[in-house]
Every structure is written in structure tokens, then in C-alpha cells.
Amino acid sequence: MADDLCAVAHFLYEAGTLKHARRTGWWMAGVRDPESVAEHSWRTSLIASVIATLEGADPARAAYLAVWHDTQETRTGDVNYLGKKYSTEADPQAVTADQVAGMPEVLAAAVRELVAEYEAKESREAVCARDADKLECMLQGIEYKAQGYENAQRWIDNSRGRIVTETGQRLADELLSQGSLDWLRTALGEKQA
């Protein structure tokens, strides 16, 4: 059993590199120190569970899909939309197959299935996870804009336009109607401006 966990251990170290991999699209908006891929994936997973619950889908499955949705970026980097115009996009399923090679087959098959489901965009949970990805980008844009990065508006608008679930759309509208620190004012019992 220890031998077949060697590849799993390697992957866990590999996955840790996502804590340092920056989301490169934000550099074009002028953000000097953008969030990491791991930070994005964590909140995307949380949002996926929220959307799925409210959409009547399986929240655990949606979060599971979301947590794995960008793991290929350990090998490809975070290629933003402009970069994708000039480079051949790596197939997420092929990258995943390489990443899980040598792992116990039950685990490798589960991860390959997750990535295939996310990429197919057909299951309710995959749709919720994909909406969560867009909603998280929009939310991050709102936060960056509140920090003075006015160019983040493009990401806010583009992300909002790609959300398809009713819950995702309603949540996007609610997020857009609030300030990024309204939650803190409410928690402290302060009156809203």
C-alpha cells in the first residue's frame, strides 16, 4: 500500500504550488498581488455548495467538482483569456490523467471522472460549480474594485454575463447591490449607509 501512495504524496506537494500560483488575468487590471489559484478554488468550492443547495443539486458533489476544477494549473499555469488566444490550450482531462498516473486506481478513476464531469458541463452539479467559478471571479473583482482597481469592472461584467443558474444570477445581483464590507457593518450592529 505504501508504494501506491507515493504518487498521491507527490500530487499533494504538487497541489501546494497552487498556493503560490497567481491568477494572471488580474495583472491586466493592475492588481499587483492577485489572489492565488488555491484561494480562488477554495471560495469557488464554498460558492458551489451554496448554489447547488439552493438549486436542489448535490452540494457536496458541486463543491468536490469545484475544488478540483483548476488543479491542472500546477502544470499549465494560470493562462488568462488573452494568453489562450495565442497558445494551444492544454486538455484538462489529459493533464489530470498525467497527474493521477501511478495513484491507486480507485482514486485516479475518481479524479478523472470529476474532471470529465466538470468539463462536460452537463450535470446539475457541474453547472453549479461552473457558475461558482464565474461568481467567485465576479466577487473578487468587486473586492479589487473596492480596493481602487477600477479596471476590475471588466471582470465583474464578463463574469456576471456568464452565470446561468437562477440562484447564481440572483446571488450575483445581490452581491452587486452590496458593499464589500457590508457584512462587517451588519456583524458589528452598525447602521448601513
Side-chain angles (χ1 to χ4, degrees), residues 8-27 29 31-55 57-81 92 95-96 99-100 103 107 110-119 121 123-147 149 152 155-156 158-160 162-165 167-168 171-172 174-176 178-184 187:
V8 175
H10 285 175
F11 178 76
L12 294 177
Y13 280 117
E14 180 179 338
T17 66
L18 294 177
K19 295 193 299 184
H20 309 288
R22 298 292 165 202
R23 304 240 314 146
T24 63
W26 293 118
W27 287 328
V31 178
R32 294 177 199 261
D33 186 25
E35 67 176 337
S36 72
V37 173
E39 290 166 324
H40 162 73
S41 294
W42 174 80
R43 188 159 63 176
T44 298
S45 299
L46 187 67
I47 295 168
S49 71
V50 169
I51 293 173
T53 298
L54 296 173
E55 287 286 316
D58 181 348
R61 183 73 178 179
Y64 196 25
L65 290 164
V67 81
W68 286 89
H69 87 282
D70 279 341
T71 54
Q72 305 81 21
E73 292 182 11
T74 61
R75 300 199 177 184
T76 64
D78 177 53
V79 181
N80 61 55
Y81 285 109
V95 174
T96 298
Q99 288 176 309
V100 300
M103 289 185 185
L107 176 59
V111 173
R112 288 191 305 263
E113 178 188 313
L114 280 169
V115 172
E117 181 179 346
Y118 182 84
E119 294 300 323
K121 308 172 193 171
S123 73
R124 293 172 61 198
E125 291 75 15
V127 171
C128 291
R130 295 182 81 81
D131 259 15
D133 183 36
K134 304 305 180 241
L135 194 60
E136 200 288 326
C137 186
M138 187 194 89
L139 182 54
Q140 186 64 63
I142 293 168
E143 291 169 340
Y144 284 147
K145 189 172 178 188
Q147 294 171 22
Y149 296 105
W155 281 257
I156 295 167
N158 286 342
S159 296
R160 175 61 183 92
R162 292 185 174 116
I163 297 169
V164 298
T165 62
T167 299
L171 188 52
E174 186 61 39
L175 289 165
L176 288 166
Q178 295 184 14
S180 63
L181 288 180
D182 285 356
W183 70 270
L184 180 59

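From a predicted model like this one, the values you see are computed outputs, not experimental measurements.
- Panel note: side chain D182, backbone G179; a donor-acceptor pair is recorded below 3.5 Å.
- With sequence neighbours excluded, the residues that form a ring-ring contact (aromatic ring centres under 6.0 Å, His included) with H40 are H69.
- With rounding to the nearest 0.5 Å, the separation of OG1 in T167 from CD in E55 is 3.5 Å.
- The structure places CZ of R75 at 9.5 Å from OG1 of T17, a figure rounded to the nearest 0.5 Å.
- Between S36 and R22, some side-chain heavy-atom pair lies under the 4.5 Å cut-off.
- Separating the CG atom in L139 from the CD atom in Q178 is a distance of 10.0 Å, to the nearest 0.5 Å.
- Taking 4.5 Å as the limit, some side-chain heavy atom of L175 sits within range of a side-chain heavy atom of L135.
- Interatomic distance, T74 OG1 to Y13 OH, rounded to the nearest 0.5 Å: 15.5 Å.
- Counting only heavy atoms from C-beta outward, the side chains of C137 and R162 never approach each other to under 4.5 Å.
- Using modelled atom types, no side-chain atom of Q99 and backbone atom of E14 make a donor-acceptor pair closer than 3.5 Å.
- Applying the salt bridge (charged side-chain N to carboxylate O under 4.0 Å, His left out) rule to E73 yields no partners; only residues at least two apart in sequence or on another chain are considered.
- S180 is linked by a side-chain contact (heavy atoms from CB on, under 4.5 Å) to E143, A146, counting only residues two or more places apart in sequence or in another chain.
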(request) In sequence, state the C-alpha distance, the side-chain angles, and the governing distance for E113 and R61, and then conclude on salt bridge (charged side-chain N to carboxylate O under 4.0 Å, His left out). (result) CA-CA 12 Å; E113 178 188 313; R61 183 73 178 179; 3.2 Å; yes
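- Within the 3.5 Å criterion, the main-chain N or O of T165 finds a donor-acceptor partner in the side chain of D131.
- Distance check: E119 CD to L65 CG gives 10.5 Å after rounding to the nearest 0.5 Å.
- Ring centers of W68 and Y118: at least 6.0 Å apart, outside the cut-off.
- Annotation for P34 and Y144: closest pair CA-OH, 3.2 Å, computed over non-hydrogen atoms.
- Here the closest non-hydrogen pair linking A62 and A52 is CB-CB, 3.6 Å.
- Residues Q140 and E39 are not in side-chain contact: their nearest non-hydrogen atoms beyond the backbone lie 4.5 Å or more apart.
- Note: R112 CZ to L107 CG = 9.5 Å, rounded to the nearest 0.5 Å.
- Between A132 and T44 the shortest heavy-atom distance is CB-O, 3.4 Å.
- Contact of the M138 side chain with the L176 side chain is registered, since non-hydrogen atoms from C-beta on lie closer than 4.5 Å.
- Using a 4.5 Å cut-off on side-chain heavy atoms (C-beta onward), D58 and Y64 make no contact.
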